[in-house]
Amino acid sequence: MANEERDGYDPSSVEEKWQRLWEERGTNTFTREELENAENPFYNLMMFPYPSAEGLHVGNIYAFTGADVHGRYQRLTGKTVFEPMGFDAFGIHSENFALKIGTHPMDLIPSNVRNFTRQLKRIGGMFDWNHSVDTTDPSYYKWTQWVFLQFFKAGLAERKEAPVNWCPSCMTVLANEQVVGGACERCSTPVEQRRIAQWFFEITKYAQRLLDNLEHIDWSPTTLKAQSNWIGRSTGAQLHFPIVNGKGEETGASIEVYTTRPDTVFGATYMVLSPEHPLVDRVTDDGLRAPVYAYIDKASKKDLVARQKADKSKTGVPTGGYCRNPATGELIPIWVADYVLMNYGTGAIMAVPGHDTRDFEFATQFDLPIVRVVAGPDASSDTPLEEAYVGAGKLVNSGDFDGTDTTESVDIVTRWAAEAGWGEARVNFRLHDWCISRQRYWGPPIPIIHCEACGPVAVPEADLPVVLPRVEDFKPDDSGVSPLARVEEWYRTTCPECGAAARRETDVSDTFLDSGWYFLRYPSADFDDRPFDPAITKKWLPLNTYIGGNEHAVLHLMYSRFITMVLKDLGHIDFEEPYEVFRAHGLIIADGAKMSKSKGNVIVPDPIIDEFGADTFRTYLMFLGPFEEGGDYRPQGIQGPYGFLHRLWDTVVSAVAGPPDVDVERKVHQTIRQVSEQLPALQFNTAVAALMECLNAIRAGGRSALRAEVEPMVVMIAPFAPHVAEELWERLGHEGSIFDGANWPDFDEAKTIETSIVIAVQVNGKLRASINAPVDVSEADVVVAARAEENVARHLEGVMERRVIYVPGRLVNFVVG
RNA sequence: GCCGGGGUGGCGAAAUCGGUAAACGCAGGGGACUUAAAAUCCCCCGGGCUUCGGCCUUUGCGGGUUCAAGUCCCGCCCCCGGCACCA
């Protein structure tokens, strides 16, 4: 428990004092001139929060504190650290919450932002509040719209039809997270899919580059892996299967399929088209139109989530149409089934039931032929298939290719197909284009004007921002379009090109577009004539460290890399990777689950800070466990860091002058070395432990500390406990902030060296004694001393000694037997 | 199902390249100081046995490699996060 009478350290008064002084002195803020002229610039970024009504929770603070500790350490080593903070405040969460409580988001967000700002100041983050951003501020989204226009003008923003979740009862578009078990979360009506025109950014054009650059950026390995899997590059072939008419004659048209296993083409016994495939109509036999259309209708009524989460039982219908397998020359039937997705590959597959699990299930269910074309080591060409065989082996039942090993068969068969003119090697990506349209209210309007004569026309840059109007009734309604489409006085305008009456785009853009470029805006947040000032951008970007959660490994971190690449190609910036270093922190969970309001396990920081102070709380969070792994939040251990900071205070204020104690001095230098290594590696928990250990050594037996011992301790605790460090620094007689002037201590290598060491003595790997020896002891001396140990001698008696293993400075092991 | 990350005392955890398992802290126990309490300092703290010298055992489970395995290899089980018919 907090005890105010304990001694002179009163966290709340120290913290109030220093937060006030930081603000008055501008300790953490920069003027434009300071940013322009900074020496050793270090841009330390963390993921800006969505300002919810509940305020910051412990999970947020954990992430920000870790990043702040890192930034403060860099600053103490002499870097000019720019550490901005902002608010990602547009989006469906705010909108839904505003609807629920009946407050307009334009009123709700500013009050949430105020509360977040208060909390962020209270935890002692080194934030530059002169360079904050709020994505809902027109002075910010003006430039989000500008980014859209750059993509539009470069031909990278394309309008095309795409399916959305549609609730036929609410008559509105739903986001995936609003679909619960295939039904609308509000009215429980089964959700359908509908196709509407939407804007897409063509990220797939950059897929290879986004993948290639992963080779040379310094990111957490887990995040790199997630990005690489998400891009999902695969190599294979595109094959053409000619469509035949009722008499078996080729019609000139063909079905294009993408496959990673073109070598199994001899086993393709049927074709499957996705229900949305444009050729379905053409191949369907007149007599089967009714069931085929019924099937397609049913498939289209499934919502997108259910469609993708269907269980293993397959559905489908035959079209009555046929095409020719170009390898075997045989006619094979064409089916329609929804296990084939229109948005991957070509939307059509050649089914090889012998060697693909899904095709096998489908063929079994509909009694389609299954042919073995690969034989593993224990099989031959006529070994029956109980299930799909997906392993390696040799081709069988494959004409001239029988006996070809699967290690080379893909290349060989692809070459043959290419020579014969029915296929070619092909690279395919899993990554889809990025749909940035939202049929919603709470976002930046997409800056496009639709003109009947000119088509979609960019809003002239001089006319930005296209301001989101205040609409009291922003609830989606039965019009089936964005709420802005009901505001006629807003959307009616004239075409910037021909002057004719025209209509504004009424969709708003995705929040990932807001967050896709915010790091470019921070240093230029006080510029109004450009999205980012070229000189300042050149000085501060690409940024030095980005620390954030791995839940953004694929969306935000991929989109912002893509935007950066495009802006580079368009000549706006001169780098293409925004984050040289990215580190993923772990997740703080409570009671075995992610903190969430619905689970009721959200822990709010304010009462903890009231009781123990921000410095203790910060130190505790960092001491809890490895920062990059996260872990369970348990409040029990906070007493440890609390007592530690109190003891540190007592020790510092009572430090005296005097001659150094060699053992304590050695410990201090060892600690400086360890903490200096561990802080840049984000190993905060062990760094705090080292500081505790060092303080224990300084205070051992109740001895009085020396000034020379405590001064480095004050600097080293400063990243974790900045307020108390400032106060103690001042009490040690220093002027100004501890964070100004590169105060990080140096260590003297010579003073870290131990004079004597402990060497373990083992017999057959079991510890039997340990001996003290001088640090430069010889192997021979160690062995002699080890034998002299009574307990060792007993275990060596009467047995044959076979080997002696000596690990210098660590152990000696007698192998006997 | 696939891809990541984990599993070590009552609890949070630590452990360079394979080299004394449990640093640091919480909780608990004992002692010193104190009229008392707090704070502070010292000691104990995985389990079992002990003649108090020690001995055996212990890092999710089962095997293996090695003088030596928490760490490497093979096969399982469980927990967390992400993705979900990707041809």
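Computed from a prediction, not measured in an experiment: that's the story for all the values here. In what follows, chains are A, B, ... by sequence order, proteins preceding strands, each numbered from 1.
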Would you mind building the protein contact string for nucleotides 3-9 of chain B? One character per nucleotide, 5' to 3', B for base within reach (heavy atoms under 4.0 Å), S for sugar-phosphate only, - for untouched. SSS----
Strictly under 4.0 angstrom, non-hydrogen atoms only: write out the protein contact profile of nucleotides 63-68 of chain B, one letter per nucleotide from the 5' end, B, S or -. ----B-
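A 4.5 Å side-chain heavy-atom check between Tyr62(A) and Met622(A) finds at least one atom pair inside the cut-off.
With respect to Lys667(A) and Glu709(A), no salt bridge is recorded, no charged nitrogen being found less than 4.0 Å from a carboxylate O. A salt bridge is defined here as a Lys NZ or Arg NE, NH1 or NH2 lying under 4.0 Å from an Asp or Glu carboxylate O, and Asp218(A) with Arg583(A) meets this definition. Ionic pairing of Asp663(A) and Arg666(A) is present here: one or more N-O contacts between side-chain nitrogen and carboxylate oxygen are shorter than 4.0 angstrom.
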Mind running side chain to side chain donor-acceptor pair (under 3.5 Å) on Thr204(A) and Asp433(A) for me, showing each step along the way? CA-CA 6 Å; Thr204(A) 48; Asp433(A) 279 335; 2.6 Å; yes
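A donor-acceptor pair shorter than 3.5 Å can be found between the side chains of Thr222(A) and Asn550(A). Side-chain polar atoms of Thr65(A) and Arg618(A) form no donor-acceptor pair below 3.5 angstrom. The closest side-chain donor-acceptor pair between Tyr339(A) and Asp359(A) falls under 3.5 angstrom. Checking Thr686(A) against Gln678(A) by side-chain atom types alone, a donor-acceptor pair falls below 3.5 Å.
Ser778(A) places a side-chain N or O within 3.5 Å of a backbone atom of Asp781(A) that can act as its donor or acceptor partner. With hydrogens and angles ignored, the 3.5 Å screen pairs a side-chain donor or acceptor of Thr651(A) with a backbone N or O of Arg647(A). Using a distance-only test at 3.5 Å, with no hydrogens or angles considered, no donor-acceptor pair links the side chain of Thr414(A) to the main chain of Ala425(A). A distance-only check finds no donor-acceptor pair linking the side chain of Tyr642(A) to the backbone of Tyr620(A) [under 3.5 Å].
Base pairing analysis places C41(B) opposite G31(B); the two distances defining the Watson-Crick or G-U wobble pair are each below 3.5 Å.
Nucleotide G46(B) carries an anti base; the chi torsion (O4'-C1'-N9-C4 or O4'-C1'-N1-C2) is more than 90° from 0. Here C17(B) is in the syn range [glycosidic angle within 90° of 0]. With its glycosidic angle within 90° of 0, G9(B) adopts the syn conformation.
Among the heavy atoms of the strands, none lies under 4.0 Å from Pro221(A). Nucleic acid contact class of Thr260(A) (heavy atoms, under 4.0 Å, all strands): sugar-phosphate only. Within 4.0 Å of Leu624(A), counting heavy atoms only, lie sugar-phosphate atoms of the nucleic acid but no base atom. Across all strands, Gly701(A) comes closer than 4.0 Å only to sugar-phosphate atoms, never to a base (heavy-atom distances). Residue-level contact check: Arg699(A) touches the backbone only, with heavy atoms under 4.0 Å from sugar-phosphate atoms and none from bases.
With A87(B), G12(B), U16(B) as the choices, the nucleotide that has an atom nearest any side-chain atom of Arg358(A) turns out to be A87(B). In this structure, of U20(B), A87(B), G25(B), it is U20(B) that holds the atom nearest to the side chain of Val758(A). Comparing A87(B), G81(B), G19(B) against the side chain of Val807(A) picks out G19(B) as the nearest.
Note on ring orientation: taking the six-membered ring where Trp is involved, the planes of His585(A) and Phe627(A) are tilted (angle from 30° to 60°).
G48(B) and A15(B) have their P atoms separated by 29 Å, given to the nearest Å. Between A14(B) and C83(B), the distance separating the two C1' atoms is 34 Å to the nearest Å. Distance check on atom P: C61(B) versus G7(B) gives 13 Å, rounded to whole Å. Rounded to the nearest Å, the gap between the P atom of U66(B) and that of C52(B) is 41 Å. Between C80(B) and G30(B), the distance separating the two C1' atoms is 40 Å to the nearest Å. A distance of about 36 Å separates the P atoms of A84(B) and G9(B), rounded to the whole Å. Remark: the separation of the P atoms in G18(B) and C72(B) is 8 Å, to the nearest Å. The separation of A21(B) from U16(B), taken at their C1' atoms, amounts to 16 Å, rounded to a whole angstrom.
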Between the protein and nucleotides 53-58 of chain B, list every N/O to N/O distance that falls short of 3.5 Å.
{"unit_1": "C55(B)", "atom_1": "OP1", "unit_2": "Arg768(A)", "atom_2": "NH1", "d": "2.8"}
{"unit_1": "C55(B)", "atom_1": "OP1", "unit_2": "Asn791(A)", "atom_2": "ND2", "d": "3.4"}
{"unit_1": "C56(B)", "atom_1": "OP1", "unit_2": "Arg768(A)", "atom_2": "NH2", "d": "3.4"}
{"unit_1": "C56(B)", "atom_1": "OP2", "unit_2": "Arg768(A)", "atom_2": "NH1", "d": "3.0"}

What protein N or O atoms touch nucleotides 26-28 of chain B N or O atoms at under 3.5 angstrom, if any, and at what distances?
{"unit_1": "C26(B)", "atom_1": "O2'", "unit_2": "Gln636(A)", "atom_2": "O", "d": "3.3"}

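Taking the six-membered ring for Trp and the full ring otherwise, Phe512(A) and Trp434(A) have centroids separated by 6.0 Å or more. Taking the six-membered ring for Trp and the full ring otherwise, Phe362(A) and Tyr270(A) have centroids separated by under 6.0 Å.
As a whole-Å value, the separation of Tyr642(A) OH from A38(B) P is 15 Å. Remark: C1' of A87(B) and OH of Tyr344(A) are 7 Å apart, rounded to the nearest angstrom. If you take CG of Asn343(A) and C1' of C85(B), they are 12 Å apart, rounded to a whole angstrom. Between the CG atom of Leu557(A) and the P atom of C83(B) there is a distance of 14 Å, rounded to whole Å. Between the P atom of G1(B) and the CD atom of Glu361(A) lies a distance of 14 Å, rounded to the nearest Å.
By the salt bridge (charged side-chain N to carboxylate O under 4.0 Å, His left out) test, Asp411(A) is found to be paired with no residue, residues two or more places apart in sequence or in another chain being considered.
Listed by residue number, the members of residues 669-686 of chain A with any heavy atom below 4.0 angstrom from RNA chain B are Asn685(A), Thr686(A).
Partner of Gln227(A) under the side chain to side chain contact (heavy atoms under 4.5 Å, CB included) criterion, out of Leu211(A), Leu214(A), Leu431(A): Leu214(A) alone.
Distances shorter than 4.0 Å separate none of the side-chain N or O atoms of Tyr258(A) from OP1 or OP2 on A87(B). Taking side-chain N and O atoms only, Arg810(A) has a distance below 4.0 Å to OP1 or OP2 of U20(B).
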